[in-house]
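Quick note on labels: first sequence line is chain A, next is B, and so on, each numbered from 1. Keep in mind it's a predicted model, so treat the numbers as computed, not measured. Values below: every heavy atom of this structure, side chains too, minus hydrogens, waters and symmetry copies.
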2 protein chains.
Amino acid sequence: MISKKAKYALKALKVLAEKYGKGPVLISEIAERERIPKKFLEAILLDLRNNGVLQSQKGKGGGYMLRIAPEEVSFSKVLRIIDGPIAPALCVSMFFYGRCDDCKDEETCSLRTVLTKWRDANLTVLDTTTLADILKAENAYVAPSDAA
Amino acid sequence: MISKKAKYALKALKVLAEKYGKGPVLISEIAERERIPKKFLEAILLDLRNNGVLQSQKGKGGGYMLRIAPEEVSFSKVLRIIDGPIAPALCVSMFFYGRCDDCKDEETCSLRTVLTKWRDANLTVLDTTTLADILKAENAYVAPSDAA
DNA sequence: CACTTAATCTATAAGTTTTATAGATTAGAT
DNA sequence: ATCTAATCTATAAAACTTATAGATTAAGTG
């Protein structure tokens with residue numbers, strides 16, 4: 001399960017992806033539209049900015065905007081910034097590798113083989129899914145007809 | 001990331017899978033072999049028993065054993081018992097479905113489309129991976145030679 | 001029946017992470 | 001100067017994780 005924070009982040013990024021190239025968006029506007037506690041959202045957006053995903057402008061006419069194109073913002077990038085490791089365990093993490101303190105011998109850990117497979121399946125989806133895909137999903141939705 | 005508890009559970013189950021059909025195994029034996037705090041492990045095994053994965057026997061000659069064959073114990077089954085939902089969000093969970101309190105309209109949530117895809121990729125791996133696969137990985141390991 | 005073994009149950013708690021809230025401060029625009 | 005909106009600092013309730021301790025129950029053994 002991803003954290004609420006990560007879900008908030010993705011929803012906020014969806015809004016910013018929609019307005020990509022159309023100038024800055026206010027925190028308060030995003031917060032209202034997506035029902036995110038404003039102060040909490042502030043911290044999230046700041047985090048995304050400090051990690052190169054967003055760009056901000058203070059003062060009147062200011063706000064937040066994407067620094068890179070929606071197609072460039074993968075889920076894995078966002079999740080790593082907000083939630084940390086994507087891998088099911090540190091011992092198979094590519095960006096947050098760490099030894100498992102309960103593991104006797106990492107080389108021969110049979111669990112690790114399986115965890116690696118799981119990690120790769122995850123990354124296949126998360127590396128290739130971007131904000132652009134959320135937008136596509138948004139537009140693809142057609143209200144079900146009563147015909148059936 | 002899975003919890004330590006889940007990792008402990010999988011490691012304990014690996015031991016029990018090895019001894020499948022060979023009588024009960026003591027909690028203390030598993031705890032020592034896998035370096036798991038004994039009291040903590042007790043709770044984990046009990047949980048697995050109450051959910052039909054394990055079977056226990058009190059008193060002398062007692063211990064824990066698998067109730068079903070290693071090939072029948074999938075990762076998804078274990079993880080749902082120990083860590084709960086496997087899905088990245090409750091709104092796309094098959095076993096723990098719940099509405100997201102911050103979501104205006106679930107039907108049109110664009111994030112949900114992507115989360116569903118992610119969930120399915122996860123399940124493809126976790127439903128088909130069982131304790132038997134851990135054992136296979138265990139036996140498949142061959143120490144690297146110095147030749148290279 | 002008394003004794004030993006080993007799982008089971010109940011209670012407690014330290015530690016960490018998550019999910020926020022409040023208020024002061026800084027940078028930019030007019 | 002003044003208004004605006006992001007930024008920084010501090011705080012904290014709530015939930016979850018990771019345990020530990022001790023009493024109890026069930027089963028087998030002599």
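Of all nucleotides listed (C:dA20, C:dT19, D:dT18), C:dT19 comes nearest to the side chain of A:S3. Closest to the side chain of B:S56, out of C:dT19, C:dA7, C:dA20, is C:dA7. Of the candidates C:dA7, C:dT19, D:dA19, D:dA19 carries the atom nearest the B:F40 side chain, counting heavy atoms from C-beta on.
In this structure, B:M1 atom CE and D:dT17 atom P are separated by 13 Å, rounded to whole Å. Per the geometry, CD1 belonging to B:I2 stands 14 Å off C1' belonging to D:dT17, to the nearest Å. Rounded to whole Å, the distance from CD1 on A:I27 to P on D:dT4 is 16 Å. Rounded to whole Å, the distance from CG on B:L46 to P on D:dT24 is 18 Å. Rounded to an integer number of Å, the gap from CD of B:Q55 to P of C:dA6 is 18 Å. Per the geometry, CD1 belonging to A:I44 stands 17 Å off C1' belonging to D:dC8, to the nearest Å. Counting to the nearest Å, the C1' atom of D:dA19 and the NZ atom of B:K4 are 10 Å from each other. If you measure from atom CD1 of B:I36 to atom P of D:dT17, you get 17 Å, rounded to the nearest angstrom.
Considering all non-hydrogen atoms of both residues, A:P70 and A:Y20 come closest at CD-CD2, 3.4 Å. Closest approach of B:E29 and B:K19 over heavy atoms only: OE2-NZ, 3.0 Å. In terms of heavy atoms, A:N122 sits closest to B:W118 at OD1-NE1, 2.6 Å.
The residue A:L45 sits apart from the nucleic acid: no heavy atom pair falls under 4.0 Å. Residue contacts for B:K39: at a heavy-atom cut-off of 4.0 Å it reaches a base atom on one of the strands shown.
Phosphate contact (OP1/OP2 of D:dA19, side-chain N/O of B:Y8, threshold under 4.0 Å): present.
Counting heavy atoms from C-beta outward, A:F75 and A:L10 have side chains that approach closer than 4.5 Å. Taking the side chain as every heavy atom from C-beta outward, B:R49 and B:L46 approach each other to under 4.5 Å.
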Filtered N/O pairs between nucleotides 26-30 of chain C and protein, under 3.5 Å:
| residue | atom | partner | partner atom | Å |
| --- | --- | --- | --- | --- |
| C:dT26 | O2 | A:K58 | NZ | 3.3 |
| C:dA27 | O4' | A:K58 | NZ | 3.2 |

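Of the N and O atoms on the side chains of B:D127 and B:S74, not one donor lies less than 3.5 Å from an acceptor on the other residue.
Both B:L48 and B:V15 are part of a single hydrophobic cluster, where members link through side-chain heavy atoms under 4.5 Å apart.
Nearer the 5' end of DNA chain C, as judged by each residue's closest nucleotide, is the contact made by B:K38, out of A:E42 and B:K38.
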